[in-house]
Amino acid sequence: MKMIYENNKEFHLTTDKTSYIIKVLPSGHITNLHYGRKIKHRENFDSLYQNFNTPVGLEVNYSKYIDDFTLNTTKLELSTYGKGDFKEPSIHIEMENGSRVSDFIYESHKIFQGKYKIEGLPHTFENTTDQKGKNRDEVNSLEITMYDENSDVYVILQYSVFYYKDVITRSCRIVNGERGIIKIHKAMSMNIDLTHEDCELITLEGKWIREKHIQKQALSKGVYYLDSKRGVSGADHNPFMSIKKKNSDENNGECYGFALIYSGNHQGLVEVNPHEIIRLQMGINPFDFSWTLHKEEGFQTPEVIMTFSYEGLNKLSRNFHNIINNNVIPPQWQHKERSIIFNSWEAVGFDFNEKKLLNLARNAKELGMELFVLDDGWFRGRNDDTSSLGDWMVDDKKLPGGLTQLCHRINEIGLHFGLWVEPEMISEKSERYRKHPEWAIKLPNREPSLGRNQLILDMTNPEVREYLYKTLKRIFSSSNIKYVKWDMNRSVTDVYSNYLESWKQMEFHHRYVLGVYELIGRITKEFPHILFESCASGGNRYDLGMLYYMPQTWASDNTDAGERMNIQYGASLLYPQSTLGAHVGSNPSLQTLRNNSIESRFNVAAFGILGYELDITKISNFEGKVIKKQIEFYKKHRKLFQFGEFYRIKSPFKSNQSILMVVSEDKNEGMIGYYQKLQESNMTLETIKLKGLKEDNQYNLYTREQFMNIEQFGELINEFVPFEVRTNGLKGLVHKIVSDNYLFKGENQRIEAYGDELMYAGFKPYPQFNGGGYNEKVRYIGDFGSRIYYIRTNRTSK
Ligand code: DGJ
């Protein structure tokens, strides 16, 4: 199938629903004629080219040989400094003679089947395993070589078209010629100039235990940056941005999405210039970056995934989910249902021994969990977070038979075994640091700043990487390990490498990331059967670069259902549920001290990779019984929860509720998550317009069987339970006995309706408790309460 048309140096890249048209101008620069909804191909799109045909005051004419042509009013695919484009350049190079002016002109191009090559960096790949249906790939690529004769430097612009995914990826490669040494000060992966038509910018903003909050802002003239200077992609601003037309929303209208496949310092730039051109860039943060190229050396930038939707943000997110699930995460984990985890961290922290762990494991098994993860604290000296990172020798006081015996016993209980590591770190209090203080990132004559009492290893140093590779290999081969949580708990400061020469110090941050990629690439290849989950104090490195090696990420250290509702809703803009680790924590929440019912904690975590990390040896009978039922339910519908097509229905960033939905690929099944922040009094009746169903299918909708802890009703217990409770002055005790022995079911709404009715007229849930009494047709949701509804076809349309 033809995906890339070329005619007279005009290129029309087409996907199923989008067109991307670029053209070489008479000056040799490349202009963007259209990116957006698909248009019919024709021989030439000259009529889409627009520029001033007269001199423009204040602007500089590019060349005396071309009349009235100024780069500042031209939409460019590659922009440089010094020839009249006064917007932010995408590439900025210093030549040996000190000049910083460059000007890249079309030299040649090639169009070929498959993906362009990217070495040493994570990237999208053609999925050769899934050749059916909508996951099949038809990928074609275009590479345009641009040349600056004056400096003898080449820039190769790389484009790949994933036809059925409605995705175009971009990257670029800078290659030095033979003339001399050059220094790259800025090398963005993508530059795209569009017309400003009342646009808004959406980004994912956050901090520790509050990641991925959706921020929307109107775009006006000026320059806006989102970036990271933490050495990792960071919780502050995720390497993702979307530009949408003001009148578009979740379900309608035009929007663009851009995501960088990179785990280090990044920058996203949006500039609206006085001529109403919006310039968009993504790439390595030029701050504290420069890269030297000797003769004939090359530099590859990370890759950007771009997608466009005219059916609103929901479709944009599904495009991202689709490509991430099929073309970014490692092939062996694609569509592979993930186990239900028990994690020791929020349950016991550092305070455990083998007996305690086995006790937890027996309880986990009894409740239905499948994988036992031993988190931090298993290695010698690690009784708090002040020491021992870097040594990685098992603590034989806590675990006398080592990991091998523990793993064996856990396997005997009937659970898989998983382990926590934080390989990139080193504690000052450690053998390794005493032996190799020069391995830590720190300056020769300056006291380093500590984050969580620890320093970071210099991953630019191959000796460090080799030590880590051997150490991890020893640990991961020591027992039957099925899962590894790869943590990284501080950001980079005191930037300096004892290994790199002084002229390479500005290359440090990027070399650190390349070092991490090399190590995790080797390790994940060596242990392809181990499921790796990356983590950086939760979501400080939740990005597509890490997902290329490790298919899931611990989305946040916050297990509070109320806050997780926001985090997971925001994350869904880019990240599919299959990548998002989500656990049921203890009550009250360790991060907010908020009380959340056990059901709400589950209802939130269920829309991700489910786990539990509370002390399950201390939960009440009521919680134990409820958890068992939750796990049974999740196992039954695991595929739908982890891989279903995702829809946002109501935003917690705009309202008192969050509503979302997943639908199976064949549209025969779905789950609806309904979450509330605060209980309102005498609440208005609600309508929920479902998404993604087949109009002509008839569906049954059920409330997931959910239970209320009647202890919460205090004095009012008799208003709710269908039998009389006499407290005889022993209120607390009687409530406890009743709640442990009687599972009080919430309302159970059942509906039968066609898909069109549920989507266009809506599902009308039972009214919420309004102070006027309670019966089986009333929902008592309360503060931070929630529901899950399950929907299934009972009759399919032909
Ligand atoms: C930070 C992680 O995000 C937590 O889940 C836990 O693994 C701790 N580190 C352990 O130190």
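No hydrogens, no waters, no symmetry mates; every other heavy atom, side chains included, goes into these values. Start at 1 and go down the list; that is how both ligands and their atoms are numbered. Since we're looking at a predicted model, the values are computed, not measured.
- Residue-level proximity to ligand 1 for Asp385 is absent, since no heavy atom of it falls below 4.0 angstrom.
- Heavy atoms of Asn489 found under 4.0 angstrom from ligand 1 belong exclusively to the side chain.
- Of the heavy atoms in Cys535, only side-chain atoms (C-beta onward) come closer than 4.0 Å to ligand 1.
- Partners of Arg465 under the salt bridge (charged side-chain N to carboxylate O under 4.0 Å, His left out) rule, at least two apart in sequence or in another chain, are Glu518.
- A salt bridge links Glu526 with Lys473: at least one charged nitrogen is closer than 4.0 Å to a carboxylate oxygen.
- Residues Lys365 and Phe342 form no side-chain contact, since every pair of their non-hydrogen atoms from C-beta on lies 4.5 Å or further apart.
- If you number the atoms of ligand 1 from 1 as listed, the ones under 4.0 Å from a heavy atom of Asp376 come out as 10 (C), 11 (O).
- Taking the ring axis of Phe417 as reference, the NZ or CZ atom of Lys482 does not stay both within 45° of it and closer than 6.0 Å to the ring centre.
- The existence of a salt bridge linking Asp385 and Arg452 is confirmed by a sub-4.0 Å separation between a basic side-chain nitrogen and an acidic carboxylate oxygen.
- Arg490 approaches Gln454 most closely through the heavy-atom pair NH1-O, 2.7 Å.
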Check your understanding: Given the rule in the salt bridge (charged side-chain N to carboxylate O under 4.0 Å, His left out) test, do Glu466 and Arg522 qualify, once you have shown the distances and angles that lead to the verdict?
Key -> CA-CA 10 Å; Glu466 195 54 31; Arg522 269 177 96 185; 2.9 Å; yes

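- The protein heavy atom nearest to atom 9 (N) of ligand 1 is Asp487 OD2, 2.7 Å.
- One finds a salt bridge joining Arg434 and Glu431 here, because a Lys/Arg side-chain nitrogen approaches an Asp/Glu carboxylate oxygen to under 4.0 Å.
- Taking a cut-off of under 4.0 Å to the non-hydrogen atoms of Trp554, the atoms of ligand 1 that pass are 3 (O), 5 (O).
- Residues Tyr575 and Lys212 have side chains in contact (heavy-atom distance under 4.5 Å, counting atoms from C-beta outward).
- Of all atoms in ligand 1, numbered sequentially from 1 with element shown, those under 4.0 Å from a heavy atom of Gly538 are 3 (O).
- The contact set between ligand 1 and Lys485, taken as ligand atoms under 4.0 Å from a residue heavy atom, comprises 4 (C), 5 (O), 6 (C), 7 (O).
- Here Arg452 has side-chain heavy atoms under 4.0 Å from ligand 1, and that is the only part of it that gets that close.
- Summary of contacts: the protein heavy atom closest to atom 4 (C) of ligand 1 is Asp557 OD1, 3.5 Å.
- Inclusion of Trp420 in the set of residues having an N or O under 3.5 Å from an N or O of ligand 1 is warranted.
- Close N/O approach between Phe350 and ligand 1 is not found [any backbone or side-chain N/O within under 3.5 Å].
- Of all the heavy atoms of Glu422, none lies under 4.0 Å from any atom of ligand 1, so neither backbone nor side chain is involved.
- The closest protein non-hydrogen atom to atom 6 (C) of ligand 1 is Asp375 OD1, 3.4 Å.
- Among the atoms of Trp345, none of the N or O lies under 3.5 angstrom from an N or O of ligand 1.
- Between Asp494 and Lys442 there is no salt bridge, since no side-chain N of the basic residue sits under 4.0 Å from a carboxylate O of the acidic one.
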